[in-house]
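Everything on this sheet refers to the single structure shown next.
In what follows, every heavy atom counts, from backbone to side chain, and hydrogens, waters and symmetry copies are set aside.
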Amino acid sequence: MTSSNAPGFTQIVNPDEITDGLRQTLVGCWTEVSNAGGAAGFPFPPVDAAEVTAVLDRIIENLAPSTSRLLIALADGTVAGWLNIRRDPHPLVAHWGTIHHVQTRLGVRGQGIGEALMHRVREVARDEMCLEQLHLAARGGVGLEAFYGQLGWKEIGRWPGALRLATGDDRDEILMVLSPL
């Protein structure tokens with residue numbers, strides 16, 4: 001990706017920052033990605049906007065600057081992808097956060113949006129949320145461990161066959177960490 005077409009980013013840290021238009025755009029992205037088989041939280045396509053909206057609204061309700069943010073990648077001024085970064089405020093684990101629902105629109109795949117999103121979330125976690133490490137769980141069998149691995153993430157474990165997508169289609173859940181940030 002060249003600097004001329006590098007994505008921009010925006011963060012949403014409070015529920016009142018979400019407009020109806022942005023909510024619809026995020027739902028559209030998540031529906032599109034999920035229905036194409038993306039491993040972004042809805043393993044049984046097809047999903048519809050009502051199903052996705054209900055889950056997104058729960059994420060939005062919990063947004064707070066220190067514990068939960070949406071990071072949105074923009075290409076040509078439109079949403080190209082997004083993710084949710086969360087931290088548990090309990091002092092025992094407040095030094096690390098978890099990445100959820102990483103996704104990029106189908107039309108921008110292969111343009112480095114996902115990679116840029118993951119680089120930016122690392123900066124946000126370290127510089128703005130004061131986190132020391134990030135965790136994520138990825139679905140096995142779709143090459144996500146290679147994608148994250150090239151970005152510095154390390155596999156720290158697997159739950160073999162933990163995800164049953166269909167009869168006879170069990171996948172590992174791959175646990176990964178990025179540390180230090």
Side-chain angles (χ1 to χ4, degrees), residues 1 4-65 67-87 97-125 128-129 134-148 150-151 153 163 165 171 173-174 176 178:
M1 173 177 293
S4 63
N5 64 355
F9 296 96
T10 190
Q11 289 184 65
I12 306 295
V13 298
N14 291 302
D16 60 357
E17 295 177 68
I18 297 283
T19 65
D20 288 338
L22 179 56
R23 175 184 276 111
Q24 290 175 354
T25 300
L26 296 174
V27 166
C29 178
W30 205 354
T31 302
E32 173 187 313
V33 168
S34 295
N35 287 340
F42 292 98
F44 306 111
V47 296
D48 62 29
E51 182 179 4
V52 175
T53 299
V55 177
L56 180 63
D57 283 348
R58 285 193 301 273
I59 293 169
I60 292 169
E61 289 170 10
N62 290 311
L63 293 174
T67 58
S68 182
R69 298 169 180 223
L70 295 179
L71 180 61
I72 301 169
L74 304 168
D76 298 323
T78 62
V79 172
W82 64 275
L83 58 74
N84 178 225
I85 179 173
R86 298 182 211 158
R87 86 153 14 116
T98 307
I99 306 299
H100 299 272
H101 313 300
V102 179
Q103 56 196 285
T104 58
R105 295 209 84 131
L106 302 180
V108 299
R109 297 266 170 98
Q111 297 179 26
I113 301 293
E115 181 178 341
L117 191 59
M118 295 308 293
H119 284 299
R120 181 68 182 126
V121 76
R122 181 181 200 163
E123 294 169 356
V124 167
E128 298 177 30
M129 297 178 78
L134 291 172
H135 300 183
L136 65 77
R139 181 189 303 167
V142 292
L144 293 174
E145 61 268 43
F147 170 74
Y148 293 119
Q150 74 180 359
L151 299 174
W153 290 77
L163 307 173
L165 300 182
R171 308 282 180 93
E173 185 159 27
I174 303 162
M176 302 190 83
L178 182 64

For a quick test of your reading: what N or O donor-acceptor pairs under 3.5 Å do the side chains of residues 67-80 make, sequence neighbours left out?
{"unit_1": "S68", "atom_1": "OG", "unit_2": "N84", "atom_2": "ND2", "d": "3.2"}
{"unit_1": "R69", "atom_1": "NE", "unit_2": "P65", "atom_2": "O", "d": "2.9"}
{"unit_1": "R69", "atom_1": "NH1", "unit_2": "Q11", "atom_2": "OE1", "d": "2.6"}
{"unit_1": "R69", "atom_1": "NH1", "unit_2": "E128", "atom_2": "OE1", "d": "2.9"}
{"unit_1": "R69", "atom_1": "NH2", "unit_2": "P65", "atom_2": "O", "d": "3.0"}
{"unit_1": "T78", "atom_1": "OG1", "unit_2": "A75", "atom_2": "O", "d": "3.0"}

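In this structure, the side chain to side chain contact (heavy atoms under 4.5 Å, CB included) partners of L163, at least two apart in sequence or on a different chain, are R139, R171, E173. Here E123 pairs with R120 under the salt bridge (charged side-chain N to carboxylate O under 4.0 Å, His left out) rule; sequence neighbours left out. For H101, there are no side-chain hydrogen bond (donor to acceptor under 3.5 Å, both in side chains) partners two or more places apart in sequence or in a different chain. With sequence neighbours excluded, no residue forms a salt bridge (charged side-chain N to carboxylate O under 4.0 Å, His left out) with R109. Among residues two or more places apart in sequence or in another chain, the salt bridge (charged side-chain N to carboxylate O under 4.0 Å, His left out) test is passed with D48 by none. For N62, there are no side-chain hydrogen bond (donor to acceptor under 3.5 Å, both in side chains) partners at least two apart in sequence or on another chain. With sequence neighbours excluded, the residues satisfying salt bridge (charged side-chain N to carboxylate O under 4.0 Å, His left out) with R105 are E32.
The closest donor-acceptor contact from the side chain of E115 to the backbone of G112 lies at 3.5 Å or more, if one exists at all.
Counting only residues at least two apart or in different chains, ring pair (Phe, Tyr, Trp, His ring centres under 6.0 Å) contacts with residues 31-50 comprise W30-F42. Residues in residues 21-31 take part in these salt bridge (Lys or Arg N to Asp or Glu O under 4.0 Å) pairs, two or more places apart or across chains: D20-R23, R23-D57.
The CD1 atom of I18 sits 4.5 Å away from atom CD1 of I12, with the distance rounded to the nearest 0.5 Å.
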